[in-house]
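Read the numbers this way: they start at 1 and go in the same order the structure lists the ligands and their atoms. Hydrogens, waters and symmetry mates play no part in the numbers below; they use all other heavy atoms, side chains included.
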Amino acid sequence: MLNFFKSDRKVNSHDNNRIEIDMNRIPEHIAIIMDGNGRWAKAKNLPRAMGHKAGVETIRRVIKEGDKLGVKYMTFYAFSTENWKRPKEEVSALMKLLVQYLRQEIGELDANGVLINVLGDLSRLPRECIDEIKRAKERTKNNTGIVMNFALNYGGRDEIIRATKEVAAAVEKGEIAIDDIDGRTIEKYLYTANMPDPDIIIRPSGEQRLSNFLLWQCAYSEFWYSNINWPDFTEKDLRMAIYDFQNRDRRFGGIK
Ligand code: FPP
């Protein structure tokens, strides 16, 4: 099996299209709203599902690049709690792509130390998806490399509602006092418990909105938008986002 993830770790930013990234200040967590698959397909007179298929190729490229650069967590928004409103053929094409992706890639991801994780309520997904995800999570659970999160049937509001209910249940059982509830209490019940908040949220395709993604976690995330559609997003775009991030002044509400 090719160990392509790490094979050219020595390549520095000077070699890649002259985007000079500071390798000592790589963001820990990058989250991506993979938008524009439909428009990409439409522009080529292809069915929308072909846009999603091309989007999966971008995931393959981007996870390798993120890992090569030393990013620790990458989160891909693959299916929102609102995406069920799409035609059922499209929903089913997306679910099939997920299953295919995991079947085809799991060997290589595992060999490269990638830990697969899911954010979202899996219970509504087709059986085949649930089984494949369980297998992928189980197989990679002890890996110590990059964490690859798929947000699936995920909604930020839904996540916060679930956490709230769990906190309320803990209060009811006398495990937590109301006065002791703070941000950390809530975070413990989010899908992202024990993960750092995203440093950057990337959204291609020209849209500039969050679409119910990581609403709690994005409090101090830097947003990065680009006009290209997700299937056309390249390693260079990822590096551009990181470069821009490194040139921002993050104050977290304080002053410098
Ligand atoms: C948004 O583009 C994209 C999605 C709702 C789905 C993203 C999913 C994938 C790229 C593949 C899923 C598979 C795996 C392996 C996770 P859009 O369809 O809304 O594009 P549009 O706004 O141009 O119509």
Legend entry - Backbone or side-chain N or O of Asn37 under 3.5 Å from ligand 1 N or O: yes

Legend entry - Ion pair Glu132/Arg135, N-O distance below 4.0 Å: yes

Legend entry - Heavy-atom gap Lys42 to ligand 1 smaller than 4.0 Å: no

Inset, instruction - For residues Ile116 and Ile133, determine if any side-chain heavy atom of one lies less than 4.5 Å from a side-chain heavy atom of the other. - result: no

Legend entry - Closest protein heavy atom to atom 12 (C) of ligand 1, given as residue, atom name and distance to 0.1 Å: Leu94 CD2, 4.1 Å

Legend entry - salt_bridge(Glu128, Arg103) N-O dist < 4.0 Å: yes

Legend entry - Within one Ile-Leu-Val-Met-Phe-Trp-Tyr cluster: Trp216 and Val118, side-chain cutoff 4.5 Å: no

Legend entry - Element-labelled atoms of ligand 1 that are located less than 4.0 Å from some non-hydrogen atom of Ala78: 6 (C), 7 (C), 8 (C), 16 (C)

Legend entry - Parallel, tilted or perpendicular, as decided by the 30° and 60° cut-offs, for the rings of Tyr73 and His29: tilted

Inset, instruction - Look at atom 4 (C) of ligand 1 and say which protein heavy atom is nearest, naming residue and atom and giving the distance to 0.1 Å. - result: His52 CE1, 3.9 Å

Inset, instruction - Using a strict cut-off of less than 4.0 Å between a Lys/Arg side-chain nitrogen and an Asp/Glu carboxylate oxygen, indicate whether Glu89 and Lys96 qualify as a salt bridge. - result: no

Legend entry - Distance filter under 4.0 Å to Val56 heavy atoms, resulting ligand 1 atoms: 11 (C), 13 (C)

Legend entry - Arg39 N/O under 3.5 Å from ligand 1 N/O: yes

Inset, instruction - Examine the proximity of ligand 1 to Gln104 and report which part, side chain or backbone, both or neither, has a heavy atom under 4.0 Å away. - result: neither

Legend entry - Lys/Arg N to Asp/Glu carboxylate O, Asp158 vs Arg162, below 4.0 Å: yes

Inset, instruction - Report yes if some N/O of Arg86 lies less than 3.5 Å from some N/O of ligand 1; otherwise report no. - result: yes

Inset, instruction - Would you mind listing which atoms of ligand 1 come within a distance below 4.0 Å of any non-hydrogen atom of Tyr101? - result: 15 (C)

Inset, instruction - Of the side chain and backbone of Phe79, name the one, both, or neither that has a heavy atom under 4.0 Å from an atom of ligand 1. - result: neither

Legend entry - ligand 1-proximal atoms of Thr58, by part, heavy-atom distance under 4.0 Å: neither

Legend entry - CG on Leu125 to CZ on Phe79, rounded to 0.5 Å: 8.0 Å

Inset, instruction - Quick one: look up the protein heavy atom nearest atom 3 (C) of ligand 1 and list residue, atom name and how far away it is. - result: Met34 O, 3.0 Å

Inset, instruction - Work out whether the distance between some heavy atom of Arg48 and some atom of ligand 1 is less than 4.0 Å. - result: yes

Inset, instruction - Would you check if there is a donor-acceptor pair between the side chains of Thr234 and Asp237 at a distance under 3.5 Å? - result: yes

Inset, instruction - Say whether Trp40, considering both its backbone and side-chain N or O atoms, lies within less than 3.5 Å of an N or O atom on ligand 1. - result: no

Inset, instruction - May I ask whether Leu210 and Ile32 are part of the same hydrophobic cluster, defined by side-chain heavy atoms of I, L, V, M, F, W, Y residues being less than 4.5 angstrom apart, directly or through others? - result: no

Inset, instruction - Please identify which atoms of ligand 1 are closer than 4.0 Å to at least one heavy atom of Asn83. - result: 5 (C)

Legend entry - Proximal atoms of ligand 1 relative to Gly38 (non-hydrogen, under 4.0 Å): 17 (P), 18 (O), 20 (O), 21 (P), 23 (O), 24 (O)

Legend entry - Within-shell test, Phe150 vs ligand 1, heavy atom, strictly < 4.0 Å: yes

Inset, instruction - Output yes when Glu57 and Arg60 qualify as a salt bridge under the 4.0 Å nitrogen-oxygen rule, no when they do not. - result: yes

Inset, instruction - Compute the minimum heavy-atom distance from Ser205 to ligand 1 and say whether it is under 4.0 Å. - result: no

Inset, instruction - Any chance you could lay out the side chain to side chain contact (heavy atoms under 4.5 Å, CB included) test for Phe150 and Tyr101, step after step, and finish with the verdict? - result: CA-CA 12 Å; Phe150 289 106; Tyr101 174 81; 3.6 Å; yes

